[in-house]
Structure formats: structure tokens, C-alpha cells
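Here's the structure, in C-alpha cells; my notes come after.
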Amino acid sequence: MYIKNSDGEVVRWDFYGGNLKGIMKKIPYLKKLGVNALYLNPIFEARSNHRYDTADYFKIDSVLGTDEDFSALVNELHKNDMHLILDGVFSHVGRHSQYFNYDGAYGKHNGAARNPHSLYFSWFEFDHYPDRYRSWWGIKDLPQINKEDESFQDFIFKADESVVAHWLDRGIDGWRLDVADELPDEFIQGIRHQLNHFKDKVLIGEVWEDASNKVSYNTRRKYILGDHLHSVMNYPFRGAVLALLNHQKTPKQIAHRFMQLYENYPRDIFYNLFNNLGTHDTERIASMLHEDVKKLEQAVAMMMYVPGVPCVYYGDEAGLTGGKDPQNRKFYPWESVNEASYQIYHRWISHRNAQKVLIDGEFALFYDENIFGIVRFNQNEMSILLLNLSFVNQTVKLEQLTTLNLPDEQLQIFTKLVRDVVLLPHTTEFITK
């Protein structure tokens with residue numbers, strides 16, 4: 001929670017708790033749900049409660065715990081075959097950080113805003129020293145970094161003791177790069193090269209659009225050309241699901257949108273997209289679906305069937321609602337979990353985890369005016385998801401359906417499976433052979 005003044009500046013932050021020990025305590029809950037990896041928002045020292053205003057990249061925020069707590073969390077996660085990804089915020093820092101030090105909290109003569117001879121001075125661009133400076137999207141609390149600066153690149157990823165290397169050495173399993181559009185391709189490539197010195201580490205970028213043809217700041221980006229990002233957050237997936245279930249677009253339009261992404265992305269990227277129904281930057285999925293439980297089940301089922309990595313925003317499985325930030329960042333309701341919502345997530349995550357074909361199987365789609373279906377298949381098995389988007393009972397026959405990307409030999413099996421399947425209103429079903 002935070003309070004803004006008439007100029008849109010935050011004048012009060014409220015802190016309500018939640019820490020690394022708390023996450024460790026909830027590992028049994030996460031395992032029961034079926035989770036095998038955690039992606040955390042920033043955990044480094046900062047002034048705000050969201051911590052995207054980094055103050056010290058090498059220090060865990062004391063609100064969250066200690067270095068020892070962090071090591072214990074990493075070890076406990078790995079013991080439970082779970083992974084940890086940290087949020088790398090490298091486009092900007094906090095105004096009240098040791099690097100900028102606007103208010104002198106880190107010493108009267110330390111930081112770029114206090115000393116033009118500071119080691120960090122070249123990181124920033126001042127229009128009038130020290131009170132006018134380039135900031136991220138005009139937010140004065142977030143001084144913008146010059147990512148072309150050699151000393152900043154050394155600090156973040158080039159040096160042996162860089163930020164990226166330090167936390168990889170501490171055992172994390174990868175980085176998610178905040179606002180990847182703000183980072184030059186060469187900067188992202190440098191981080192990837194540092195990751196390549198470690199085994200089985202992942203680099204994910206925050207990109208809101210189709211990253212295969214993204215143009216930002218008049219530059220065609222190289223996100224997915226092999227030596228930059230392993231994958232990106234799949235916000236187009238979320239948009240397509242909401243448009244389908246809220247009847248803003250037809251099944252045909254959504255099928256073609258999914259196939260467009262499928263054709264645009266290299267296979268390894270497409271099968272590792274971070275598919276999400278919500279994040280800390282979006283309205284809650286329950287609210288966007290008007291708290292319709294049947295639609296929620298359809299959305300979750302789609303997330304488990306479309307190739308990629310299903311990502312559950314904390315509390316979605318508990319039925320949290322909320323609009324734009326900060327309403328979408330409510331407490332986790334440990335004492336009042338929505339059981340219907342929880343069972344939806346638990347059931348479909350379990351279903352996905354039990355079927356390898358949903359992880360690496362081939363991908364096809366089918367639809368008519370009121371039906372949307374996803375087929376996952378390999379040489380040995382096939383799993384089919386059928387969504388009834390209408391308010392009436394339906395008998396589904398192959399003759400009614402249009403199929404995309406389904407080979408002839410698989411089409412014959414598909415024909416036998418879906419012919420004369422009766423769907424009740426809003427029913428979501430899966431068929432596995």
C-alpha cells in the first residue's frame with residue numbers, strides 16, 4: 001500500500017510483512033500445489049515496499065531477512081527440487097540508493113548526487129546538477145542508468161564479482177530482467193554470457209508484446225536470436241485468454257493469434273515462454289473474469305495446455321481480487337482461501353505435472369463458433385482440452401470443427417476421440433489417449 005500526492009509522487013509507504021523465512025515455511029504448501037520454481041520480485045535493499053528502487057544490489061533488504069536467511073531458503077528449495085529466480089532491475093536505481101544518494105543517507109559525500117567525483121557519477125545523466133536528472137519514465141524516485149557506461153556494465157555483469165555473478169554463486173537458478181526493452185541488446189547479451197559460465201541457469205525478459213518482432217526505441221530487438229534471452233514473459237497469452245473468455249474475440253481469432261505466436265517464435269523459446277494470467281503489473285485474473293468460477297477454470301486449463309511455463313501470481317489460486325496497482329498486491333489470505341479457486345489451480349497443475357505430453361508435446365488447435373480446443377500430442381499419446389464457450393449444451397462433432405496444425409495421422413485419432421462429445425454449459429473437459 002502507498003499514498004500519492006497530487007503530483008503522483010508517493011509520500012507514504014506502508015509495510016505489512018512477509019519475508020524469506022515465511023517463504024521457506026510455506027514450501028510444503030507450494031509443493032502440494034505443484035509448484036517447482038519461484039520467481040521473486042526484487043529482494044535487495046530499497047526504500048519502497050515494492051523494491052524496484054534498488055539501494056544496494058549486494059544486500060538483502062532487512063525487512064525480508066538476512067544473508068543467512070537467503071542461503072537457507074536457496075538450500076531448502078533445492079532440497080525440495082525447486083528453483084529460485086531473482087528479479088534483475090538494471091534500468092534504474094533508487095534516488096535514495098548508495099549509488100545516487102540524493103538525501104545523503106549513505107554519507108554526505110557519497111553517491112552521484114552528492115559528489116561529481118563519485119565512482120557512480122558516470123552512471124547518470126544530469127540536466128542540472130544535482131536536482132535535475134534523467135529518470136525512468138519521468139519518475140523522480142527512479143534515476144535512470146546509462147546502460148552504455150562501461151563501469152556500470154562491469155558492476156552488473158562483466159566483472160568476476162559482478163552483481164549477476166555474485167547471486168549465481170549464491171545458488172540462484174536464473175534472472176528475470178525487469179523492463180528488458182530499456183536494456184540494449186548488447187547489455188542483455190553480456191548478462192547471458194555471464195550465465196553461460198554456470199550450469200543450467202535461465203534468463204527471462206520482461207517483454208509485453210511478441211518479442212520475435214519487437215521494435216523499441218527505433219531498434220529491432222534481438223531478444224530471441226540465440227545468445228540473448230532464453231525466453232520472455234508471455235503477456236499476449238493473457239490478453240488472448242481474456243479476450244476469448246470475455247467474448248471480445250471469436251475462437252477463430254484467438255486460434256489464429258496463438259498460431260501466430262507459435263509460428264513467430266523458435267520452438268525452444270515458445271516452449272519456455274512464461275505464460276501468465278496475472279502479475280504484479282496487472283489486474284487480478286479473478287476480477288478480469290468478473291469472479292466467474294467457470295471462466296477461471298477455463299483460463300487455468302488453457303494455461304496448463306498451451307506450450308510454455310505456467311506462472312501463477314501469488315494469491316490467484318486463493319481467489320484474490322483487485323484492480324490496478326496497488327489493489328492487485330493484497331495480502332495472501334491464509335485464513336480465508338477461496339476453496340473453489342484453490343481446487344481449480346491444484347487440479348489443473350496436478351494434471352499438467354502428470355502428463356509429459358503437456359510439457360514437450362506437439363501443439364494444435366481446433367474451434368467452431370462456441371468451442372475452443374487445444375491438442376497436445378506425440379507419437380505415443382494425445383491429450384485434448386475442450387472448452388464450451390456458450391451457455392447451452394452442445395454435441396461436438398468433428399465436422400463442426402476447424403483444425404489448425406494437426407497432421408493427418410493424428411487427425412484420425414482426434415476424430416475418434418471428439419466425435420459426439422457432449423458438453424454441458426461452461427464445461428471444461430480433457431481427454432487423454
Side-chain angles (χ1 to χ4, degrees), residues 2 8 10 39-44 46-57 85-95 97 99-100 123-125 133-149 152-153 155-157 162-164 167 172 174-192 194-195 202-225 228-239 269 273-276 278-283 311 313 324-326 328-329:
Y2 53 79
V10 176
Y39 145 54
L40 303 183
N41 288 148
I43 63 172
F44 307 131
R47 284 284 186 93
S48 74
N49 52 25
H50 56 66
R51 281 178 287 278
Y52 280 91
D53 54 330
T54 311
D56 188 338
Y57 285 105
I85 295 174
L86 293 186
D87 207 340
V89 186
F90 304 138
S91 176
H92 49 270
V93 296
R95 175 166 55 177
S97 65
Y99 315 111
F100 202 75
W123 294 12
F124 306 96
E125 298 178 47
Y133 47 88
R134 302 291 175 87
S135 59
W136 185 75
W137 286 62
I139 302 172
K140 303 303 288 183
D141 201 43
L142 302 175
Q144 184 171 293
I145 296 287
N146 173 17
K147 275 73 69 178
E148 309 287 349
D149 184 80
F152 182 68
Q153 293 186 7
F155 179 81
I156 295 297
F157 61 82
S162 67
V163 172
V164 169
W167 293 103
I172 71 168
W175 288 93
R176 175 265 196 187
L177 298 182
D178 183 55
V179 291
D181 293 348
E182 312 284 341
L183 306 175
D185 286 325
E186 295 72 23
F187 192 93
I188 295 175
Q189 186 179 46
I191 295 175
R192 172 67 177 272
Q194 181 64 261
L195 260 71
V202 66
L203 186 64
I204 305 297
E206 180 196 15
V207 180
W208 284 66
E209 300 82 14
D210 181 343
S212 70
N213 53 30
K214 179 66 185 290
V215 175
S216 64
Y217 299 95
N218 300 315
T219 301
R220 179 68 175 265
R221 305 308 299 267
K222 301 176 182 178
Y223 298 131
I224 60 170
L225 296 187
H228 293 76
L229 300 171
H230 287 105
S231 197
V232 297
M233 301 180 75
N234 194 5
Y235 283 100
F237 166 81
R238 177 181 186 270
I269 298 289
L273 290 173
F274 267 33
N275 295 341
N276 68 81
T279 70
H280 63 283
D281 285 321
T282 68
E283 300 91 334
C311 299
Y313 181 40
K324 295 183 181 298
D325 177 18
N328 59 348
R329 305 186 188 190

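Quantities reported herein were computed from a predicted structural model and do not represent experimental measurements.
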Query raised in the report: How long is the span from the CD1 atom in Ile188 to the CG atom in Leu203, to the nearest 0.5 Å?
Result: 7.5 Å
Requested in this report: Taking the side chain as every heavy atom from C-beta outward, state whether Leu195 and Val164 have any pair of such atoms under 4.5 Å apart.
Outcome: yes
**Report entry** Short side-chain to backbone donor-acceptor contact, Arg134 and Phe124, under 3.5 Å
**Finding:** no
Query raised in the report: Does any non-hydrogen side-chain atom of Asp141 lie less than 4.5 Å from one of Val10?
Result: no
Query - Atom pair SG/CE of Cys311 and Met233 - distance to nearest 0.5 Å - result: 7.0 Å
Query raised in the report: Is the Phe90-Tyr57 ring centre distance short of 6.0 angstrom?
Result: yes
Report task. May I ask you to test the Arg51-Asn41 pair for a side-chain heavy-atom distance under 4.5 Å? Result -> no
Query raised in the report: Within a strict 4.5 Å, meaning less than it, do heavy atoms of the Leu40 and Ile85 side chains meet?
Result: no
Query raised in the report: Does the side chain of Val163 reach to within under 4.5 Å of the side chain of Phe157, using non-hydrogen atoms?
Result: no
Requested in this report: With Tyr235 as reference, evaluate Thr279, Asp210, Asn276, Asn275 under the side-chain hydrogen bond (donor to acceptor under 3.5 Å, both in side chains) test and give the passing residue.
Outcome: Thr279
Query raised in the report: Looking only at side chains, do Tyr223 and His230 share a donor and an acceptor under 3.5 Å apart?
Result: no
Report summary line: In this structure, CZ of Arg238 is separated from CG of Asn234 (nearest 0.5 Å) by 12.0 Å
Query raised in the report: Can you name the nearest heavy-atom pair linking Arg192 to His228, along with the distance?
Result: NH1-O, 3.0 Å
Report task. Decide ring pair (Phe, Tyr, Trp, His ring centres under 6.0 Å) for Trp175 and Tyr39; before the verdict, give the C-alpha distance in whole Å, the side-chain angles of both, and the deciding distance to 0.1 Å. Result -> CA-CA 9 Å; Trp175 288 93; Tyr39 145 54; over 10 Å; no
Query - For the student: nearest non-hydrogen atoms of Pro42 and Asp87, plus distance - result: CD-OD2, 3.4 Å
Report task. Using atom types as modelled and distance alone, determine if a side-chain donor or acceptor of Tyr313 lies under 3.5 Å from a backbone N or O of Asn328. Result -> yes
Query raised in the report: Going by atom types alone, do Gln144 and Tyr133 pair a side-chain donor with an acceptor below 3.5 Å?
Result: no
Query raised in the report: Could you go step by step and tell me if Asp53 and Arg47 meet the salt bridge (Lys or Arg N to Asp or Glu O under 4.0 Å) rule?
Result: CA-CA 7 Å; Asp53 54 330; Arg47 284 284 186 93; over 6 Å; no
**Report entry** side chain to side chain contact (heavy atoms under 4.5 Å, CB included) evaluation trace for Arg176 with Phe274
**Finding:** CA-CA 10 Å; Arg176 175 265 196 187; Phe274 267 33; 5.8 Å; no
Query raised in the report: Atom CD1 of Ile269 and atom CD1 of Ile224: how far apart are they, to the nearest 0.5 Å?
Result: 5.5 Å
Requested in this report: Going by the salt bridge (charged side-chain N to carboxylate O under 4.0 Å, His left out) test, name the single residue among Lys147, Arg221, Lys222 that passes it with Asp185.
Outcome: Arg221
Query raised in the report: Would a 4.5 Å heavy-atom cut-off, applied to side chains only, mark Phe152 and Tyr99 as touching?
Result: no
Report task. Please examine the side chains of Leu229 and Ile204, heavy atoms only from C-beta on, and report whether any two atoms are closer than 4.5 Å. Result -> no
Query - Closest non-hydrogen atom pair between Gly94 and Pro143, with its separation - result: C-CD, 3.7 Å
Query - Test item: Ser162 side-chain N/O and Phe155 main-chain N/O as donor-acceptor pair under 3.5 Å - result: no
Query raised in the report: What residue among Tyr52, Trp137, Trp136 forms ring-ring contact (aromatic ring centres under 6.0 Å, His included) with His92?
Result: Trp136
Report task. Could you point out which residue of Thr282, Val179, Val232 forms a side chain to side chain contact (heavy atoms under 4.5 Å, CB included) with Trp208? Result -> Thr282
Query raised in the report: What are the two closest heavy atoms between Ala180 and Gly205, and how far apart are they?
Result: CB-CA, 4.2 Å
Requested in this report: Begin from the C-alpha positions of His50 and Arg329 and carry the test side chain to side chain contact (heavy atoms under 4.5 Å, CB included) through to its verdict.
Outcome: CA-CA 10 Å; His50 56 66; Arg329 305 186 188 190; 3.4 Å; yes
Query raised in the report: Can you check whether Glu209 reaches Asp181 side chain to side chain, under 4.5 Å on heavy atoms?
Result: yes
**Report entry** From Ile145 atom CD1 to Ser91 atom OG, the distance as rounded to the nearest 0.5 Å
**Finding:** 8.0 Å
Report summary line: Taken to the nearest 0.5 Å, the spacing of Leu225 CG from Arg220 CZ works out to 8.5 Å
Query - N/O donor-acceptor pair under 3.5 Å between Ser231 side chain and Leu273 backbone - result: yes
